[in-house]
Amino acid sequence: MRNDGLSRLDQHLWLLLRLTLAGLLAAHGWARLLGGGVVPFGEWLQTQGLPAGFYLAAAVTAYEIVATVLYALGKWVWPLTLGFVGIYSTGLLMVHAPFGWFVVGAGRNGMEYSVLLIVTLCCVGYRAYVAGKQRDGQF
């Protein structure tokens, strides 16, 4: 059995990580919305061959704003994680991978931050998935 102090610390650290992720991802959506970036993002998506670029951009922006509130509250973490991983994996492939690995320093606009977000999302989401299965008596 785990030490109660360690168990509480573990819960607090996972909460901090989930809240940090929610804040970072919310900032992404809010910055696009408030900075007038939805239309240019939609236009760029269309240049990449995606139909209904504006609507895709608006949907991604709305997801980043609404889903992050739910994520921070600990609601539907696992399914929301799948949506975030889909969005950021697509962004990694379409936007960041062509620039290489580094975001700054040895490169610019690379994929290192996206990889970190995706892996961290997967860890938080999987933990929520397992916790849900344990609560339901399936593990």
Side-chain angles (χ1 to χ4, degrees):
M1 184 150 166
R2 295 179 64 176
N3 177 303
D4 285 341
L6 183 57
S7 178
R8 269 194 305 279
L9 176 62
D10 184 63
Q11 290 174 355
H12 285 98
L13 292 173
W14 281 104
L15 173 63
L16 175 62
L17 187 57
R18 192 182 78 240
L19 292 174
T20 301
L21 276 170
L24 290 170
L25 302 180
H28 206 248
W30 279 107
R32 184 181 309 110
L33 179 67
L34 298 176
V38 177
V39 171
F41 180 34
E43 291 169 351
W44 181 82
L45 289 172
Q46 285 197 249
T47 68
Q48 302 304 301
L50 295 172
F54 170 77
Y55 297 105
L56 286 172
V60 167
T61 303
Y63 193 87
E64 288 175 323
I65 292 170
V66 175
T68 53
V69 173
L70 297 169
Y71 208 77
L73 294 172
K75 305 291 183 191
W76 306 303
V77 172
W78 172 243
L80 291 173
T81 294
L82 297 176
F84 285 126
V85 168
I87 289 168
Y88 293 111
S89 294
T90 302
L92 184 148
L93 294 172
M94 291 180 72
V95 178
H96 301 291
F99 290 95
W101 181 253
F102 295 103
V103 173
V104 297
R108 184 180 180 288
N109 206 24
M111 61 184 169
E112 66 180 327
Y113 179 68
S114 296
V115 169
L116 178 62
L117 280 177
I118 292 165
V119 169
T120 308
L121 281 161
C122 287
C123 291
V124 170
Y126 183 71
R127 182 180 187 276
Y129 173 78
V130 169
K133 291 290 187 189
Q134 288 174 340
R135 250 190 329 273
D136 297 342
Q138 295 178 18
F139 272 160

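What you see is a predicted model; the values in this text were computed from it and never measured.
L21 contributes atom CG, which lies 12.0 Å from atom CG of L80 (distance to the nearest 0.5 angstrom). Here Q134 contributes atom CD and D136 contributes atom CG; the two are 10.0 Å apart, rounded to the nearest 0.5 Å.
Looking at residues two or more places apart in sequence or on another chain, you find a side-chain contact (heavy atoms from CB on, under 4.5 Å) between F102 and A106, E112. Judged as a side-chain contact (heavy atoms from CB on, under 4.5 Å), and not counting sequence neighbours, the contacts of R32 are H28, V38, F41, V60, T61, E64.
Closest approach of H96 to N109, counting heavy atoms only: ND1-O, 3.1 Å. A pairwise comparison of heavy atoms in P51 and L56 identifies O-CD1, 3.3 Å as the closest pair. The two residues L92 and S114 make their nearest non-hydrogen contact at CD1-CB, 3.7 Å. The shortest heavy-atom contact between A57 and G42 is CB-N, 3.5 Å. Nearest heavy atoms, L73 versus R18: C-NH2, 3.9 Å. Considering all non-hydrogen atoms of both residues, P40 and G36 come closest at CD-O, 3.2 Å.
A perpendicular orientation is assigned to the rings of Y63 and F84, their planes being inclined by more than 60° (bins at 30° and 60°).
Clustering ILVMFWY residues whenever any of their side-chain heavy atoms sit less than 4.5 angstrom apart, transitively, puts V85 in a cluster other than the one holding I65. Hydrophobic clustering (side-chain heavy atoms under 4.5 Å, transitive across Ile, Leu, Val, Met, Phe, Trp, Tyr) groups L93 together with V95. In this structure, Y113 is a member of the same hydrophobic cluster as M94, with clusters built from ILVMFWY side-chain heavy atoms closer than 4.5 Å. Under the 4.5 Å side-chain heavy-atom criterion for Ile, Leu, Val, Met, Phe, Trp and Tyr, L13 and L117 are members of distinct hydrophobic clusters. Linking ILVMFWY residues whenever their side-chain heavy atoms come closer than 4.5 Å, directly or via other members, leaves W44 and F99 in distinct clusters.
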Working for side-chain contact (heavy atoms from CB on, under 4.5 Å), residues Y129 and V77 = CA-CA 8 Å; Y129 173 78; V77 172; over 6 Å; no
task = Would you check, one step at a time, whether the test side-chain contact (heavy atoms from CB on, under 4.5 Å) holds for V39 with E43?
result = CA-CA 6 Å; V39 171; E43 291 169 351; 3.5 Å; yes
key: Residue pair T120, L17: steps toward the side-chain contact (heavy atoms from CB on, under 4.5 Å) verdict   = CA-CA 8 Å; T120 308; L17 187 57; 3.6 Å; yes
task = Show your reasoning for whether side-chain contact (heavy atoms from CB on, under 4.5 Å) applies to I87 and L25.
result = CA-CA 11 Å; I87 289 168; L25 302 180; over 6 Å; no
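Within a 6.0 Å radius of CH2 in W14, more than 12 heavy atoms belonging to other residues, nucleotides or ligands are found.
Side-chain contact of T81 with Y71: a donor-acceptor pair under 3.5 Å is present, judged by distance alone.
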